[in-house]
Each structure stands twice: as C-alpha cells, then as structure tokens.
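Read through the structure below, which is laid out as structure tokens, and then see the notes.
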Amino acid sequence: MGDPGVDEQNAHVLKYKIVKKQFLLGFLSYLLSFTAVAQPELRGVWIAWGGANPPRKTDIARMMDNLAQHNVNTVYVDVWRYGWPYFRSQLFYDLTGQWSDPLLEAGRDVLADMIAEGHRVGLHVEAWFEYGFAACHNSNDDLYRARPQWFAQHRNGSVLFNGDYRWKWLSHVHPEAQQFLIDLCQEVVARYDVDGIELDRIRYPELDCGYDPATVAVYQSEHNGAAPPQSPSDAGWMRWRADKLTEFVTAFYDSIKAINPDVFVSNAPIPYSWGYDHFCQDWRPWINNGVLDFISTQLYWPTNAVYASDLERHLTYISDRSKFYPGICAIANNIIVPGAEIAAMIQTTRARNLRGHVIWFYDQLVDDLPYLKQTVYQEKVAVPDRPPTWRQPAIIVHEEDAAVSRSQGWTFYGGIPGYDGGCLYAKAGADCWLEYRADIPEPGWYELYVFNIFQYKASKLAPYAVRHALGVDTVRVNQAVSGQARWFKLGDYYLRSGAAQPVVRLSNAGIESDTFLFADAIMLVRSRRPLGIPSGLTTAAREQAESAVSLTSYPNPFNSAANIRYHLPQNGRVQLRVFDGAGRQVALLLDGICPAGPGVVIWNALQQPSGVYFVKLVMDGMVETHKLVVIK
C-alpha cells in the first residue's frame with residue numbers, strides 16, 4: 001500500500017520498448033495461430049437465460065473466456081426477450097418510457113456487456129432477437145399498452161397466444177408493427193459494433209392468427225374485398241400468410257444491409273414442413289432467394305443417427321449449402337445430449353461440406369466444451385466470409401503497465417477487484433493523474449473502454465481525456481453506478497497508428513471534494529462499423545490514413561467482373577490474390593513490382609459460382625483484405 005511515486009520519463013521509455021517488443025511477438029504469434037488452419041468454420045453458441053434473469057457481468061466475462069479458450073468463434077447473445085430489449089433502446093423508450101428491463105441494475109446495458117467481453121477475447125458477437133414478433137409476455141406488456149393496434153388477434157379477437165404462457169404477438173402484416181421490429185434491429189446495427197443480427201420467431205404463434213384489422217384489410221385489398229377464410233388451415237390462407245412473412249424478411253434484410261452491409265443477417269427457423277404446417281413459416285425462399293446470409297434450422301435431436309437423417313432431408317430444400325449452418329443442441333426435449341453425440345453431429349455436418357453450425361445453448365453445453373476441444377475443436381479457425389483477422393483479441397493496457405505513467409498520490413487497493421488484481425485510487429485535492437499509452441497497429445476507428453470500478457463513495461464525474469486523431473475529448477464517467485461497472489465504453493475514436501501512442505489521461509480535476517477516484521485498465525477494440533475517415537483529420541493524420549495500403553472494388557456485389565482498385569504507399573513487390581469463402585485461392589491478379597500510388601486490375605469471375613470472396617493484397621509485410629460478393 002506504499003506510494004508508487006512518479007515514473008521517470010527515461011525509465012518509462014525503456015520499459016515501454018521492452019513491453020512493445022513483447023507485444024509485437026505476442027501479436028505475431030496470434031496471427032500465426034489463425035493461419036495454422038485453412039478451413040474456416042462457424043462455431044456458434046446461443047446464449048440465453050431463464051426468465052428476466054440475465055447473467056451478471058462477471059458471469060459474462062467467464063463465459064466469453066471459456067468459449068474462446070475452447071475454440072468457439074461466434075456467440076449469439078439474446079437482446080429481445082420477454083417483452084424487453086436487453087440494450088438501451090431509444091426507440092423502445094420513446095414508445096413505452098422504458099429503456100430496457102426495469103429490473104436491471106441502474107445504467108446497465110446487457111448487449112454492451114456482451115460485446116465488450118466477447119470482442120475482448122476475439123469472438124464474433126451476433127445480436128440475437130430471439131422472440132421476434134412475440135413482443136409481450138404476461139404483465140410485461142408496455143408495448144401493447146402503448147400501441148394495441150399493432151398486435152395480432154385470434155378469430156375471436158383475443159390477443160393472447162401460446163396458452164398459459166400468455167404471449168402477445170405483433171401483427172405480422174401491420175406496416176407499423178413490421179417497421180418497429182426493423183427499426184429495433186437497425187438501432188442495434190447503427191449504435192453497436194455487432195457482427196450480425198439474428199431475428200427469430202418470424203412465424204405465426206399458431207394457425208388461428210392473422211385476424212387483426214390490419215391483416216384483414218390487406219387481405220381484402222388483394223382479394224376483391226373478400227375476408228380471410230374462417231378456417232385457419234385453409235391452404236390459400238396459409239400460403240398468403242407465409243408469403244407475407246417472406247416479403248417482411250426481404251424488407252428486413254435490405255434495411256439492415258443499408259446500415260452496414262458487412263453485418264451478417266440470419267434466422268434460426270423451425271424444421272420444414274412442421275414450421276409451415278403449424279406456423280405458416282416457409283423459410284426456403286428466404287435462403288434460396290438471397291434475403292438471408294445464412295440460416296440455422298433447429299435440427300434438435302438427441303442422437304447423431306436421427307440428426308444425420310434429418311440433415312439429409314433438409315439439404316434437399318437448400319440450393320446453396322454454404323448458407324446452411326444447422327442448429328444442433330446440447331439438450332433435446334429435456335434429454336441431455338452427451339458430448340460424444342454433439343461431436344458426432346459436428347463431424348456429420350462437416351462430412352456434408354457445410355461450413356459451420358450453431359449449438360443450443362451455452363448453459364447446457366458448458367460441461368461438454370473440454371470434450372469438444374479434444375475432439376472437434378482442436379484448433380482455432382476463422383469465421384467463413386470474414387478475413388481471418390476480422391476479430392482479434394483486444395489491446396488491454398493495465399494501470400500498472402510500463403505503458404502507464406502517473407503522478408504521486410495514487411494508492412493500490414485490493415478490496416475491490418480490478419480487471420487483473422486490485423486497482424488504484426486517489427482522493428480529491430492535490431493534482432493526481434495517469435496517462436495510458438498503447439501500440440496502435442493500424443490507423444482507424446477503435447472502441448475505447450475503461451474498466452470502471454464501482455464504489456458507492458466514488459466520483460460521479462471521473463474525467464477521462466481521450467486523445468485521438470481529431471484532438472482531445474473529455475468523457476465524465478459515473479463510478480458510483482453499479483450498472484456501469486467493469487468495461488464501460490467511452491466512445492468510438494479514430495486513432496493514428498504507432499507505438500506508445502497517448503490514448504487516455506485520467507485525473508482528479510473537477511471531481512467532488514468528498515469522493516474517491518478509481519483507476520484500472522483500458523481496452524481498445526478495432527471497430528468494424530462503417531464509420532469512414534473523418535473529414536476533420538489533421539493533415540498528418542490524413543496522410544497517414546491515406547498512406548496505408550488500401551483496397552476497394554466496383555461494382556460490389558457483381559455478376560461477371562469487378563474493378564479492383566488499390567493504393568500503394570511506396571514502390572514494392574505486390575501479390576494480389578482472390579480466395580473463396582473456404583480459404584482456397586481462385587485467382588492470382590498481381591505478382592511483381594508495382595509503383596507507388598493508385599492502380600486497378602479487373603477480376604473476371606465468369607467461371608466462379610455465387611458466393612463471398614476475398615481479395616488479399618500483400619506488400620512488404622503490409623496486408624489488406626477486401627470482401628467481394630458474386631451474384632449469378
């Protein structure tokens with residue numbers, strides 16, 4: 001508990017050079033670990049919970065650590081269930097006066113917690129809107145009270161479905177209800193750095209549904225004024241409702257891609273034809289007509305033998321196997337599925353040349369993860385249709401690292417756990433500060449987090465001064481709110497590349513006189529949101545951004561040929577190759593000395609099937625990857 005004193009600048013620089021060398025060696029080792037396995041595979045796990053009882057922040061951290069350590073690469077985190085968004089939704093607040101589940105700790109954002117911890121360890125994080133059109137449950141009916149006209153009805157006018165579960169479902173045809181779901185998902189894509197959106201329960205709760213005034217009016221407008229059949233199982237009435245769902249999925253897909261074309265859009269439907277016969281859900285045109293990036297049909301069986309048979313049947317419904325990541329389970333109809341059967345299902349999936357799978361669900365799977373790592377998850381692999389380095393483990397700078405300089409006045413405290421051990425604290429009064437530096441591997445947008453220590457007597461005005469390419473912004477953080485404990489996002493910032501870049505300065509300037517100021521680690525995650533190069537960059541920063549190797553293409557998507565444009569910062573030897581989604585090279589476009597500056601080469605893809613491809617440019621140790629989509 002002694003006074004750490006002030007780091008001398010020369011000693012700081014020497015220690016930092018050592019840390020930098022260790023960082024670079026570790027980073028190179030990480031990249032080599034990714035290139036060891038050529039075949040990408042989506043290894044997904046759904047994360048859900050019972051009732052309104054989301055996992056605690058510490059549980060989320062352990063969960064993500066565990067999944068990454070066992071070579072899973074994708075998590076589907078529940079953000080829409082039991083009538084609540086599990087993120088801070090402005091849209092939902094404007095309608096209901098509630099930001100999220102009111103039982104959550106003040107200030108908590110479950111999706112933000114999942115993203116921070118998942119991206120920390122390099123996992124892809126998909127926002128899973130599990131309940132889709134099922135928008136209200138029991139007394140959680142704030143949305144129904146705000147917009148009752150949006151909701152579906154039985155023939156008798158009742159809005160309650162699913163028996164004793166008492167769900168209220170949004171009308172599947174009401175244009176404002178549809179737009180609400182689209183807006184809710186767009187809100188996540190626009191505000192959070194998610195890797196995908198999975199919207200589920202795009203179906204009817206039962207056949208006796210669709211008799212609300214909005215649906216009846218649309219049906220009548222398309223049938224010369226005739227009302228919908230009173231028989232819920234009428235063949236024409238079922239097909240009309242299924243087709244309306246397909247129209248919705250098409251609009252939904254286009255709406256998400258308009259916000260971020262790199263976000264995966266998927267669905268986990270019920271097996272066909274059970275889903276159609278009972279819920280008017282026909283997902284075959286969704287995947288075969290290109291209005292989903294992939295689909296994870298719920299093939300939930302307790303044995304591989306039954307799974308293999310059902311998988312073969314479903315493959316006959318799908319024209320492009322690369323878009324089929326079947327859903328398998330660790331528990332089926334209350335039967336626990338042994339790890340050996342899960343591993344056998346994964347091997348069966350691979351034997352059909354499918355590129356991945358998603359497992360229901362984490363709580364039941366957790367005990368089987370060591371077995372899966374020993375048998376079918378022995379090495380890390382990239383996610384299909386993503387560059388291998390799309391998600392890398394975060395850059396974390398600890399408060400005790402050589403990359404941090406600080407003044408006198410800080411005291412170590414072990415009574416509150418920090419990210420790794422205890423934390424530091426200072427009091428109001430004499431000037432106290434810490435400055436964090438980090439190696440920034442490439443210029444671009446980064447999500448910046450601080451590990452926020454919660455303590456009821458802590459400052460509500462902790463000032464974090466963020467140094468970025470456009471200047472300095474100060475963000476004041478409330479350290480006395482439990483819902484904002486652990487990783488708290490300060491914002492998205494465009495950073496210059498380079499070693500020992502100053503990133504954050506924390507001081508006690510302006511904090512309340514009777515409070516404590518806590519300090520712990522900071523974290524930087526490369527953002528994959530399409531934020532562009534900010535127009536306000538200084539000349540030097542813009543030159544740095546423009547001096548990097550760059551790749552673009554037009555048109556994209558394309559049918560037969562694309563113009564691949566590149567920019568080289570200097571003369572040098574260049575290799576420009578094209579790979580398919582499985583990592584196989586399909587074209588060599590350049591291999592030789594090229595001059596600095598812009599260039600263009602045409603890739604003729606007439607002989608290639610539809611799908612996602614990557615063009616990769618390598619020059620003097622610099623690597624740039626760009627995604628191409630071929631549509632035939």
Side-chain angles (χ1 to χ4, degrees), residues 1-17 19-20 107 395-440 446 448-481 484-491 493 495-496 498-524 538:
M1 302 254 324
D3 187 344
V6 180
D7 292 328
E8 294 294 334
Q9 186 63 31
N10 290 341
H12 165 72
V13 171
L14 177 60
K15 287 191 291 181
Y16 195 81
K17 287 181 178 178
V19 171
K20 176 189 174 186
I395 300 168
I396 296 178
V397 182
H398 301 269
E399 74 278 12
E400 298 280 9
D401 284 353
V404 177
S405 56
R406 65 176 183 254
S407 68
Q408 295 180 348
W410 291 94
T411 302
F412 174 80
Y413 184 56
I416 300 176
Y419 173 67
D420 184 13
C423 58
L424 299 176
Y425 76 89
K427 297 179 181 179
D431 184 33
C432 292
W433 54 266
L434 291 94
E435 183 168 274
Y436 298 81
R437 294 174 177 264
D439 282 323
I440 308 301
Y446 290 81
L448 177 58
Y449 294 85
V450 296
F451 196 88
N452 195 30
I453 301 298
F454 162 68
Q455 210 272 348
Y456 73 99
K457 293 186 68 176
S459 173
K460 299 177 182 179
L461 300 170
Y464 289 88
V466 181
R467 300 184 179 183
H468 53 90
L470 296 177
V472 179
D473 290 338
T474 297
V475 181
R476 292 194 177 269
V477 177
N478 190 339
Q479 297 185 335
V481 176
Q484 295 180 181
R486 292 188 64 87
W487 293 116
F488 179 82
K489 182 178 173 181
L490 297 182
Y493 300 97
L495 303 179
R496 301 183 182 94
Q501 291 292 305
V503 179
V504 173
R505 181 184 175 92
L506 173 64
S507 74
N508 63 353
I511 69 170
E512 308 90 323
S513 60
D514 58 346
T515 61
F516 296 94
L517 179 70
F518 288 89
D520 203 77
I522 68 167
M523 176 171 74
L524 295 106
T538 63

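What you see is a predicted model, and the numbers here were worked out from it, not measured in a lab.
A distance-only check finds no donor-acceptor pair linking the side chain of Glu512 to the backbone of Asp514 [under 3.5 Å]. Although no hydrogens or angles enter the test, the distance criterion places a donor-acceptor pair under 3.5 Å between the side chain of Arg437 and the main chain of Ala500. For the pair His398 (side chain) and Glu400 (backbone), a donor-acceptor distance under 3.5 Å is absent. Remark: side-chain polar atoms of Glu399 are not paired, donor with acceptor, to backbone N or O of Leu424 under 3.5 angstrom.
Counting heavy atoms from C-beta outward, Leu517 and Trp410 have side chains that approach closer than 4.5 Å. Contact check for Leu490 versus Asp473: no side-chain heavy atoms found under the 4.5 Å cut-off. The closest side-chain heavy-atom distance from Ile522 to Ile396 is not below 4.5 Å. In this structure the side chain of Val450 never reaches within 4.5 angstrom of the side chain of Leu506, judged on heavy atoms. In this structure, Val503 and Arg467 have side chains that are not in contact, with every pair of non-hydrogen atoms separated by 4.5 Å or more. Considering only heavy atoms from C-beta on, Ser405 stays 4.5 Å or farther from Leu434 through its side chain. Proximity of Val404 to Val397: side-chain heavy atoms (C-beta onward) are separated by under 4.5 Å at one or more points. Annotation: side chain of Thr515 is not in contact with side chain of Lys460 (no heavy-atom distance under 4.5 Å).
Minimum heavy-atom separation, Ile511 to Pro463: CG2-CD, 3.9 Å. The heavy-atom pair separating Ala519 from Cys423 by the smallest distance is O-CB, 3.6 Å. Looking at every heavy atom in both residues, Ile395 comes nearest to Ala438 through CG2-CB, 4.4 Å. Contact detail for Gly510 and Leu461: the closest heavy-atom pair is O-CD1, 4.0 Å. Minimum interatomic distance between Ala458 and Ala480 (heavy atoms only, all atoms of both residues): O-CB, 3.8 Å. Closest approach of Ser407 to Cys432, counting heavy atoms only: OG-CA, 3.2 Å.
Rounded to the nearest 0.5 Å, atoms OH (Tyr446) and OH (Tyr493) are 15.5 Å apart. Between Asn452 atom CG and Arg486 atom CZ the span is 11.5 Å, to the nearest 0.5 Å. Distance CZ/Phe516 to NZ/Lys427: 5.0 Å, rounded to 0.5 Å. Atoms CG and CH2, on Asn508 and Trp433 in that order, are 12.0 Å from each other to the nearest 0.5 Å. Taking CD of Gln455 as the start and CD1 of Ile416 as the end, the distance is 5.0 Å to the nearest 0.5 Å. Residue Tyr419 holds its OH atom at 12.5 Å from CD1 of Ile453, rounded to the nearest 0.5 Å.
Using cut-offs of 30° and 60° on the angle between ring planes, the pair Tyr425 and Phe518 is tilted.
Taking the six-membered ring for Trp and the full ring otherwise, Phe451 and Trp487 have centroids separated by under 6.0 Å.
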